[in-house]
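Below: one structure, written as structure tokens.
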Amino acid sequence: MQTKGPLPGFRDFYPEDLARRTAIFRAWRAVARRYSFVEYDGPPLEPLELYTAKSGDEIAGQLYSFEDKGGRAVSLRPEMTPTFARMVAARANALPKPVRWFSLPQLFRYERAQRGRLREHFQLNVDIVGEPSELADAELLCVAIDIMRELGLGPNGVRARVSDRRLLNALLAAIGVTEGQLGAVYGVLDKIERQPHEISREKLEAVGLVPNQVERVMALPDISSMDDLDRDFGHVEAAQPAIAQFGRYLGHLHALGVEAWVDVDLSIVRGLAYYTGTVFELFDARGELRAICGGGRYDNLLGQLGGVDLPALGFGMGDVVLGELLKEHGLFDDGLAEGPDFWVVSSEHNAPATVLRAAAALRRLGYAAEYVLNEEKLRTQKSSAQIKSAERAGAAWLMVLRDDARAEVRPLSRAPGAPARDGTEIVLHDLLDPERGFAALAEAGVPAPRED
RNA sequence: GUGGCUGUAGCUCAAUUGGUUAGAGCACCGGACUGUGGCUCCGGGGGUUGCGGGUUCAAUUCCCGUCAGUCACCCCA
């Protein structure tokens, strides 16, 4: 039933949903920082021309754009790169190179929603500016792969498919593909897995490739190693620099310890035209979902967008497909319950106000504390019923009041059917002093409060 | 934007060839088990069957439209 709810393609985040999102964000930030990237952000709403100027009308049809009350043509951001380019360009001379920035923007597009593709999503953006070395390319991909590792996904669950446009251009030139045919050939390679080979061949013939050229293009996706490259193109003098460069890239990935994830795949093209060098995509190993992540080197884009001639590379990783994959692998099950640290239970021997004082003291110490939020129940409800509430709330510890001066502290969780364990008695007054309070709780086995 | 499939309680699903007041489990709320627990038992709230029209004595069921979801195409930052 769907009478009211979020707009099509938008999501409500219930606490359990937000907990999953937060888990993804945590992994993103943790790994990015581990590689010494720093976080930035920009406006979610930008001038429309920021996006139409770059690639013409290519994505204009999918922009979530409108006119604001001041008559300005504006758009919710569909991607972060133009904003990033503007910000970097504005301080290009002052920033130490290479620039290593990341961001977690919420992005928007206006198109029909389908699985893994909504009108709104969060996308980690990681970019490096000012470094032409393939060491930077390797570092960048390593970040993306390390995030998979951080989330519990190994080489059996996720594959990184890598290619390089400079390499591909060199190989296509060796085959005899002309500049004018390049775009069409890219298109065929991009779809070669999803489209019958007959169609691919027809399209290649349609742009003027002779049968021998068609077969050599169709064979490019079979190249999966440096050995394959040497075998098929080792004799082509003009292709050697690009082949060697790609080899260095793979070598760095090996040294960084992520080689097990990486597959050479020359059919990885990436849709947008601005990539100039390495390109890569991360996929679930079963190939059931859309790409988890995509990126590469775009050495000319900062010049076009921001007017500064700096090499750059980056990737985007969305939360939607990633979330589906984590759900499939059952990696979302733990750590979702955010219950209180303590549940304070009243007894017939204490005044209700004592419950409030005990909870307040725990909270001042930094613990999350809860109790039955109903005065009548606080006076009369049996402790068994209160403990039942504590369980449902997911509390970690019970503080059962003995009277107005003392309480028993014990862990709530226990094996089903096991008898209740005896707790440790503490003096409530001790909680008012941090030093004595933490000491008393430590004696009962309670860890220090979490800080986050 | 184009086409296919699907819409019944918060969730998963029932309801005879079209037939009376649309049911169950889980979840939620309350209570009992006469003061330290996941069990068990009892009770309760909750639906204009997505919405609107049509056919019919009668529509959850058949037809049309619409909205939403989903899949494919287009596209993919």
Discussion item. Base, sugar-phosphate or nothing for A:Gly314? Non-hydrogen atoms, less than 4.0 Å.
Written reply: nothing

Worksheet entry | Whole-angstrom distance between B:U6 and B:U20, as gauged at atom C1' | 29 Å

Worksheet item: Does the B:G69 base have a donor-acceptor partner in the side chain of A:Arg11 within less than 3.5 Å?
Response: no

Worksheet, complete the sentence: When rounded to whole Å, the CG to P distance for the pair A:Leu289 and B:U70 reads 14 Å

Discussion item. For A:Ser200, run the side chain to side chain donor-acceptor pair (under 3.5 Å) check against A:Gln195, A:Lys191, A:Glu205 and tell me which one passes.
Written reply: A:Gln195

Worksheet item: Base, sugar-phosphate alone, or nothing: which one does A:Arg194 contact when heavy atoms must sit under 4.0 Å apart?
Response: base

Discussion item. Starting the side chain at C-beta, find the nucleotide from B:C74, B:C75, B:A68 nearest to A:Gln62.
Written reply: B:C75

Item to complete: Take atom P in B:C42 and the same atom in B:C26, then report the distance between them in whole Å.
Response: 11 Å

Worksheet entry | Inter-nucleotide P distance (B:U60, B:G44), Å rounded | 26 Å

Response to the item:
Across every strand shown, the nucleotide meeting Watson-Crick or G-U wobble geometry with B:C5 (both distances under 3.5 Å) is B:G69

Discussion item. It should be established whether A:Lys191 places a side-chain nitrogen or oxygen under 4.0 Å from OP1 or OP2 of nucleotide B:C73.
Written reply: no

Practice prompt. Could you tell me the separation between the NZ atom of A:Lys388 and the C1' atom of B:C29, rounded to a whole number of Å?
Written response: 14 Å

Discussion item. Can you see if the side chain of A:Arg117 gets near the phosphate of B:G69 - specifically, an N or O under 4.0 Å from OP1 or OP2?
Written reply: no

Discussion item. Whether the side chain of A:Arg165 engages the backbone of A:Thr278 through a donor-acceptor N/O pair (distance < 3.5 Å, no angle test) should be reported.
Written reply: no

Practice prompt. Provide the distance between the two C1' atoms, one in B:C28 and one in B:U66, to the nearest whole Å.
Written response: 33 Å

Item to complete: Look through every strand shown and name the nucleotide pairing with B:G25 as Watson-Crick or G-U wobble, where both distances are under 3.5 Å.
Response: B:C11

Discussion item. Please give the distance between the P atoms of B:C33 and B:A24 as a whole number of Å.
Written reply: 27 Å

Worksheet item: Across all strands shown, which nucleotide pairs with B:U40 by Watson-Crick or G-U wobble geometry, both distances under 3.5 Å?
Response: B:A32

Worksheet, complete the sentence: From CG of A:Asp17 across to C1' of B:G10 the rounded distance in Å is 13 Å

Worksheet item: How many Å lie between OH on A:Tyr274 and C1' on B:C76, as a whole number?
Response: 11 Å

Discussion item. Using the side-chain heavy atoms of A:Arg392, tell me which of these nucleotides is nearest: B:C28, B:G1, B:A77.
Written reply: B:C28

Worksheet item: When the ring planes of A:Trp101 and A:Tyr40 are compared, do they come out parallel, tilted or perpendicular, using 30° and 60° as the limits?
Response: tilted

Worksheet entry | For B:C74, the Watson-Crick or wobble counterpart (both distances under 3.5 Å) | none

Practice prompt. Pick base, sugar-phosphate or nothing for A:Gln381, based on heavy-atom distances below 4.0 Å to the nucleic acid.
Written response: base

Worksheet item: So what does A:Arg109 touch, heavy atoms closer than 4.0 Å: a base, only the sugar-phosphate, or nothing?
Response: base

Worksheet item: Quantified in whole Å, what is the C1' atom distance between nucleotide B:U61 and nucleotide B:A22?
Response: 12 Å

Discussion item. When the C1' atoms of B:G52 and B:U40 are compared, how many Å lie between them, rounded to an integer?
Written reply: 48 Å

Worksheet item: What's the NZ-P distance between A:Lys382 and B:A32, to the nearest Å?
Response: 6 Å

Worksheet, complete the sentence: Among B:C74, B:G37, B:G1, the one nearest any side-chain atom of A:Ile387 is B:G37

Discussion item. So if I take every side-chain heavy atom of A:Ser383 and compare against B:C75, B:G35, B:C71, which nucleotide ends up nearest?
Written reply: B:G35

Practice prompt. Figure out the CD/C1' separation between A:Glu79 and B:C75, and round it to whole Å.
Written response: 14 Å

Item to complete: Considering non-hydrogen atoms only, spot the tightest contact between A:Tyr367 and A:Ala448 and give its length.
Response: OH-CA, 3.7 Å

Item to complete: Write down the distance between CD (A:Glu16) and C1' (B:A27), rounded to a whole number of angstrom.
Response: 12 Å

Worksheet item: Given A:Tyr298, which of A:Phe84, A:Phe315, A:Tyr274 fulfils the ring pair (Phe, Tyr, Trp, His ring centres under 6.0 Å) condition?
Response: A:Tyr274

Fill in: Distance-only donor-acceptor check, side chains A:Asn169 and A:Tyr186, under 3.5 Å
yes

Item to complete: Report the residue (A:Ala113 or A:Arg402) whose heavy-atom-nearest nucleotide on RNA chain B is the more 5′ of the two.
Response: A:Arg402

Practice prompt. Name the orientation class of the two ring planes belonging to A:Phe246 and A:Tyr249 (parallel below 30°, tilted from 30 to 60°, perpendicular beyond 60°).
Written response: tilted

Worksheet item: To the side chain of A:Ser384, which of B:C71, B:G30, B:G37 is closest?
Response: B:G37

Worksheet entry | Nearest-nucleotide 5' precedence on RNA chain B, A:Tyr110 against A:Ser347 | A:Tyr110

Discussion item. Could you tell me how far apart A:Glu111 (CD) and B:C74 (P) are, to the nearest whole angstrom?
Written reply: 13 Å

Worksheet entry | With sequence neighbours excluded, residues passing side-chain hydrogen bond (donor to acceptor under 3.5 Å, both in side chains) with A:Gln181 | A:Thr178

Worksheet item: Which whole number of Å gives the distance between the P atom of B:C13 and that of B:U56?
Response: 35 Å

